[in-house]
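Since the structure comes first, as structure tokens, the remarks are kept for the end.
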Amino acid sequence: MPELPEVEVICQGLLPHLMHRTIIDVRCSGKQLRTPVDCEELQRELNEKQIVNLTRRAKYLVLKTDNGATLVIHLGMTGNMGIFDAESATKKHDHVCWLLDNNTELRFNDTRRFGAVRLFTANNAAKEEKKFFSAIGPEPFSRACSVAYLMQRAAHRKQAIKSFIMDSHVVAGIGNIYANETLFHSRIHPERPASSLSSKEWKRLLTIMRKTLKHAIKCGGSTINDFVNASGEGGYFQMNFRIYGKAGEACSCCGLVISKKTIGGRASFFCEKCQPKLEGSSR
DNA sequence: CAAGTTACCTGACGGC
DNA sequence: TGCCGTCAGGTAACTT
């Protein structure tokens, strides 16, 4: 399940294969993704155009072409992107394919079709892109994502801290897995009201969130190193999670059985002892 | 307006 | 064997 680290690794992996390549043609499965895919528009806007940039913002990949168009891709839950030989057989759930000028093809595969491929056309791409991303919170690594910012946003909010840090309007890129991991390592109970965290706790949470994401990117970078004809084969890199999915197992820190509870409609894992519900560390 | 709930989608898995 | 229910999860629209 692609969260910020996975998208970052995919972005870095694809960049050398896409930079300065020219798109020859676009093909679509015809299936609707999260938003409808207009294949004719994609062709009209991208055919014969050169790729000049590929970046990540939140969990989105942002691809730009030399005519000023912007392609925004979200991998949803099961989405993946890879470079393939143009002659190779497509797989089930390949929904959008971009044929490139070196006989390779960029393919978007998404089993559950929670992903999205959106195009901002050259005539208004800058404006539309700005509007699209303006609602999304700052990148966790950015200066804007400070303890002061987070505390200000959390003020008077009774929402569970876990739901709060998963809210993309607050901070970009934190999904269920990294929310669970971050809170465990920060020793903060996921149900603590967002407004109840002290500045000391916010500082610890932010530091650990960044550290956890960075570590995952580093692991992913070494795991996935071949984006040609390989992407999508092995799924996403498996981090050695300490808490996510470990209900019933012993806490790696204190040995207590790990709890599982639905918070904000999402499976949540935590250690009652290491993540006390009352403010203050158990250390 | 905050916060909780549901829809979207397919495949894996467990129970019978 | 196969059928059915449940679960997984990001995002936006919806309800409370």
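Convention: sequence-line order gives letters A, B, ...; per-chain numbering from 1.
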Are there any protein N/O atoms within less than 3.5 Å of an N/O atom in nucleotides 6-9 of chain B, and if so, which ones and at what distance?
residue	atom	partner	partner atom	Å
B:dC8	O2	A:R34	NH2	3.2
B:dC9	O4'	A:R112	O	3.4
B:dC9	O3'	A:R113	NH1	3.4

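- The side-chain hydrogen bond (donor to acceptor under 3.5 Å, both in side chains) test applied to A:H169 returns A:D167, not counting sequence neighbours.
- Every residue was checked against the side-chain hydrogen bond (donor to acceptor under 3.5 Å, both in side chains) condition with A:R118, not counting sequence neighbours, and none meets it.
- Rounded to 10°, the helix from B:dA2-C:dT16 to B:dC16-C:dG2 has 60° between the axis fitted to its first five pairs and the one fitted to its last five.
- In this structure, A:I208 stands alone, with no Ile, Leu, Val, Met, Phe, Trp or Tyr side-chain heavy atom under 4.5 Å from its own, directly or through other members.
- If you check the side chains of A:S29 and A:R113, you find no donor sitting under 3.5 Å from an acceptor.
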Give each protein N/O atom lying under 3.5 Å from an N/O atom of nucleotides 13-16 of chain C, with the pair distance.
none

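- Distance A:K158 NZ to B:dG4 C1': 14 Å, rounded to the nearest Å.
- The nearest whole Å value for the distance from the CG atom in A:N176 to the C1' atom in C:dA8 is 10 Å.
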Between the protein and nucleotides 4-7 of chain C, which nitrogen or oxygen pairs are less than 3.5 angstrom apart?
none

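- Proximity of A:K59 to the phosphate of C:dT11: a side-chain N or O atom is located under 4.0 Å from OP1 or OP2.
- Contact annotation: the side chain of A:L18 never approaches that of A:W98 to less than 4.5 Å [non-hydrogen atoms, C-beta and beyond].
- The phosphate of B:dG11 (OP1 or OP2) has a side-chain N or O of A:H93 nearer than 4.0 angstrom.
- Under the rule for a side-chain hydrogen bond (donor to acceptor under 3.5 Å, both in side chains), the partners of A:R157 that lie at least two apart in sequence or sit in another chain are A:Q159.
- The backbone N or O of A:V7 lies less than 3.5 Å from no partner atom in the side chain of A:Y60, so there is not a single donor-acceptor pair.
- Every residue meeting the ring pair (Phe, Tyr, Trp, His ring centres under 6.0 Å) condition with A:F120, not counting sequence neighbours, appears here in chain and number order: A:F132.
- For A:H74 and C:dT11, the shortest distance from a side-chain N or O to OP1 or OP2 is below 4.0 Å.
- Between the NZ atom of A:K91 and the C1' atom of B:dG11 there is a distance of 17 Å, given to the nearest Å.
- Comparing A:K31 and A:S163, the nucleotide of DNA chain B nearest to each residue sits closer to the 5' end for A:S163.
- If you check C:dT11, B:dA3, C:dG10 against the side chain of A:M166, the one that comes closest is C:dG10.
- Counted within 6.0 Å of NZ on A:K203, heavy atoms from surrounding residues, nucleotides or ligands total 12 or fewer; the atom is thus considered open.
- In this structure A:K162 satisfies the side-chain hydrogen bond (donor to acceptor under 3.5 Å, both in side chains) test together with A:N176, A:S268, sequence neighbours excluded.
- Proximity of a side-chain donor or acceptor of A:R56 to a complementary backbone N or O of A:A58 within less than 3.5 Å is detected.
- Residues meeting the ring pair (Phe, Tyr, Trp, His ring centres under 6.0 Å) test with A:F108, sequence neighbours left out: none.
- Legend: residues meeting ring pair (Phe, Tyr, Trp, His ring centres under 6.0 Å) with A:F269, ordered by chain and number and at least two apart, are A:Y244.
- Regarding A:Y178, its OH atom lies at a distance of 11 Å from the P atom of C:dG10, rounded to whole Å.
- A donor-acceptor pair under 3.5 Å is absent between the side-chain atoms of A:R242 and the main chain of A:E181, judged by distance alone.
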